[in-house]
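Heads up, the thing below is written out as structure tokens.
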There are 2 protein chains.
Amino acid sequence: MSEDKRQTSRRKTSAGSAELDLPEATVARLPEYLRALHALAEIGRDTVSSEDLAAAAGINAAKLRKDLSQLGSYGTRGVGYDVELLTSQISTVLGLTENRAVALVGIGNLGHALAGYAGFSPRGFRIAALFDIDEGRLGETIGGLLVRHVSEIADVVVTEGISIAMLTTPPHAAQPVADMLVEAGVTSILNFAPCVLSVPEGVDVRKVDLAIELQILSFHEHRKATARTATPESASPKTASVNPPPPSPATAPGIAFSDQAENA
Amino acid sequence: MSEDKRQTSRRKTSAGSAELDLPEATVARLPEYLRALHALAEIGRDTVSSEDLAAAAGINAAKLRKDLSQLGSYGTRGVGYDVELLTSQISTVLGLTENRAVALVGIGNLGHALAGYAGFSPRGFRIAALFDIDEGRLGETIGGLLVRHVSEIADVVVTEGISIAMLTTPPHAAQPVADMLVEAGVTSILNFAPCVLSVPEGVDVRKVDLAIELQILSFHEHRKATARTATPESASPKTASVNPPPPSPATAPGIAFSDQAENA
DNA sequence: AGGCGCTTGTGAACGCGTGCACAAATCGGG
DNA sequence: CCCGATTTGTGCACGCGTTCACAAGCGCCT
């Protein structure tokens, strides 16, 4: 994400906790593998081939094997991967062994929804504090959690041991709030505000901008539309795209896709 | 996103609407440029250098120039880019000249928030229909919009001319709903459910998984933490990362970063 | 009119990520 | 004990994306 390229160039510290620097692309896929593994465990699978796991994660099998090998993973040739072991391995690498406390700043429309979202806790996170600047929201409790004033960030972040924060304020408030969070000791921010954040080195920022996602889709829509009018004879060949045949599992072998929805 | 690599390999159709196939990475950045341009226009700038615009978008200047050049853009050497012209260009390429109608399926915690989110309409989108399967929500209106039953998807998508849908259902419901949407003619889906969707060729799916974003941040937290304990002498050199110096703009030249928060 | 400074646009090198294809390894059966 | 079926782990090549550095172009000032 950030421009930080330099690594400590450490590989595997002698013994204790294996320390390794994975390619960013691999890191971004590990959570998806983890989710797929949970789904597989829930339907009773105890081992998986790379082919099956890749299908469940929506990813190329070779890519998955390379990812897991870089992780120093313990698969068994001729058999596959042990679901439980691999789950544990990835969880450890991602630092999910402890439930991480997360702060949420900006209890507006979106913040309210995230505060009540049940999908975080089974995946390693616990929303430990809510903050807003609006006096009108301060008394409110959401899911048994009190909405505090942003001026309490410094105290609460320390006492709750928070290192990750989600930012759902209006864009004009995002930078000052980010400064407060960093000052308090937060070193990772998930930014939902449509603006660029400036943070000191050592702090990671990931951005989620829903309008941007839609605009990217819009581009492809635009391209598809103009391609359709430009070459109208291509409306029949094979990719009609509108009213396709029964949307059956036309994707991959292995796991039946109706099963994969079985996760929380 | 999907595995669809083959392009129509079309470049610039003779006259009318310029047709060009941009690299995916460029497409993903164009919306960010657009947002930065809006912010610049709001503070009165009518021309921008690639350096300034890149800073406002949080991106490398050379990358920005290459992106815009691929777009066939009209900058002026020695001066920069005309803000209004460039805004219009990018908007056209992204297909944002018309306000696109978007469907939202799954009016739960998150869906409710998105339905009320004010940030879509100024960026080219209009939420035109809400759907849910839960009887309890059917009567409800959000922002003057009625929550309909999913069985009405087929009708409403056609009459409203919807081609993009956002999916905020629980994961087990995502695939069947996606099938219904595709069947109705939707060709782009923004999926918030933590599961893999199987769609026919010609349909684009983008996934937004908030827990995954947190898990990626968690990895970096884990790495930073172990690096700190492994080499405790590095706690002083320069990147203390906790309680850093006054979080001043320690990032880049060009635009003062205190200005960039001024966008809507 | 001419020169100078500034900024764009792009050619070229580099590095990362992806995908193929195969050797190595493991299990089960005969 | 050996053999074949199966699946992992990886060396290698290719392509995309990023970055640098510079030539080309534009405006302004003298």
Side-chain angles (χ1 to χ4, degrees), chain A residues 1-7 9 20-30 32-33 37 40 45-83 85-86 89-90 252-255, chain B residues 1-7 9 20-30 32-33 37 40 45-83 85-86 89-90 252-255:
Chain A
M1 264 295 107
S2 314
E3 302 287 343
D4 48 354
K5 274 301 160 199
R6 76 224 127 348
Q7 302 263 162
S9 72
L20 63 185
D21 49 354
L22 308 174
E24 195 53 36
T26 296
V27 173
R29 283 188 292 265
L30 287 181
E32 196 73 44
Y33 303 153
L37 283 168
L40 289 166
R45 294 285 295 269
D46 53 350
T47 61
V48 213
S49 69
S50 63
E51 200 76 41
D52 287 358
L53 182 53
I59 287 177
N60 182 301
K63 203 186 303 190
L64 178 135
R65 284 202 299 274
K66 181 147 291 192
D67 284 343
L68 293 186
S69 74
Q70 279 172 338
L71 193 140
S73 161
Y74 296 33
T76 310
R77 293 167 131 103
V79 178
Y81 299 92
D82 182 275
V83 171
L85 175 62
L86 189 53
Q89 286 271 333
I90 296 180
I255 292 179
Chain B
M1 264 290 109
S2 315
E3 301 289 341
D4 48 353
K5 275 301 163 199
R6 76 225 121 353
Q7 303 262 160
S9 72
L20 64 185
D21 48 355
L22 306 174
E24 195 53 35
T26 296
V27 174
R29 284 188 293 265
L30 288 181
E32 196 74 44
Y33 303 151
L37 284 168
L40 289 167
R45 295 286 294 269
D46 54 349
T47 61
V48 213
S49 69
S50 64
E51 201 75 40
D52 286 359
L53 182 54
I59 288 177
N60 184 301
K63 203 186 302 189
L64 178 135
R65 283 202 299 274
K66 180 144 288 192
D67 284 343
L68 293 187
S69 75
Q70 278 172 339
L71 193 141
S73 161
Y74 296 33
T76 310
R77 293 168 131 104
V79 178
Y81 299 91
D82 182 275
V83 171
L85 175 61
L86 189 53
Q89 286 270 333
I90 296 180
I255 291 180

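Note that these values count all heavy atoms, side chains included, but never hydrogens, waters or copies made by symmetry. Keep in mind the model is a prediction, meaning the values are calculated, not measured. Chain naming here is simple, since letters A, B, ... match the order of the sequence lines and numbering starts at 1 in each.
Note that the OG atom of A:Ser49 and the CZ atom of A:Arg65 stand 9.0 Å from one another [nearest 0.5 Å]. If you take CG on B:Leu22 and CG on B:Asp67, they are separated by 8.5 Å, rounding to the nearest 0.5 Å. Taking CG of B:Leu53 as the reference point, atom OG1 of B:Thr47 lies at 11.0 Å (rounded to 0.5 Å). The structure places CD of A:Glu32 at 11.0 Å from CG of A:Leu37, a figure rounded to the nearest 0.5 Å. Annotation: the span from A:Glu51 atom CD to A:Asn60 atom CG amounts to 8.5 Å, rounded to 0.5 Å.
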Report summary line: Given protein heavy atoms under 4.0 Å, the one-letter contact record of nucleotides 3-12 of chain D, with B base, S sugar-phosphate only and - none, is simply ---BBBBBBB
Please list each protein N or O that sits under 3.5 Å from an N or O in nucleotides 2-4 of chain C, with the distance.
none

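The side chain of A:Glu24 lies closest to C:dG17, out of D:dT18, C:dT18, C:dG17.
Contact annotation: the side chain of B:Leu86 never approaches that of B:Val48 to less than 4.5 Å [non-hydrogen atoms, C-beta and beyond]. No side-chain heavy atom of A:Tyr74 sits under 4.5 Å from any side-chain heavy atom of A:Asp82.
Across every non-hydrogen atom of A:Ile59 and A:Arg29, the tightest pair is CD1-CD, 3.5 Å. Across all their heavy atoms, B:Tyr81 and B:Gly75 have their closest contact at CD2-CA, 3.5 Å.
Atom-to-atom, CD1 of B:Ile59 to P of D:dT19 comes out at 10 Å; the value is rounded to the nearest Å. For A:Lys63 and C:dC16, the NZ to P distance is 17 Å, given to the nearest whole Å. Note: CG (B:Leu64) to C1' (D:dT19) measures 14 Å, nearest angstrom. What separates CG of B:Leu71 from C1' of C:dG9 is a distance of 13 Å, to the nearest Å. In this structure, the CG atom of A:Asp67 is 7 Å from the P atom of C:dT18, given to the nearest Å. In this structure, B:Asp82 atom CG and C:dT7 atom P are separated by 16 Å, rounded to whole Å. Here the P atom of nucleotide D:dT19 and the CZ atom of B:Arg29 are 9 Å apart, to the nearest Å. Between the CG atom of A:Asn60 and the P atom of C:dG19 there is a distance of 5 Å, given to the nearest Å.
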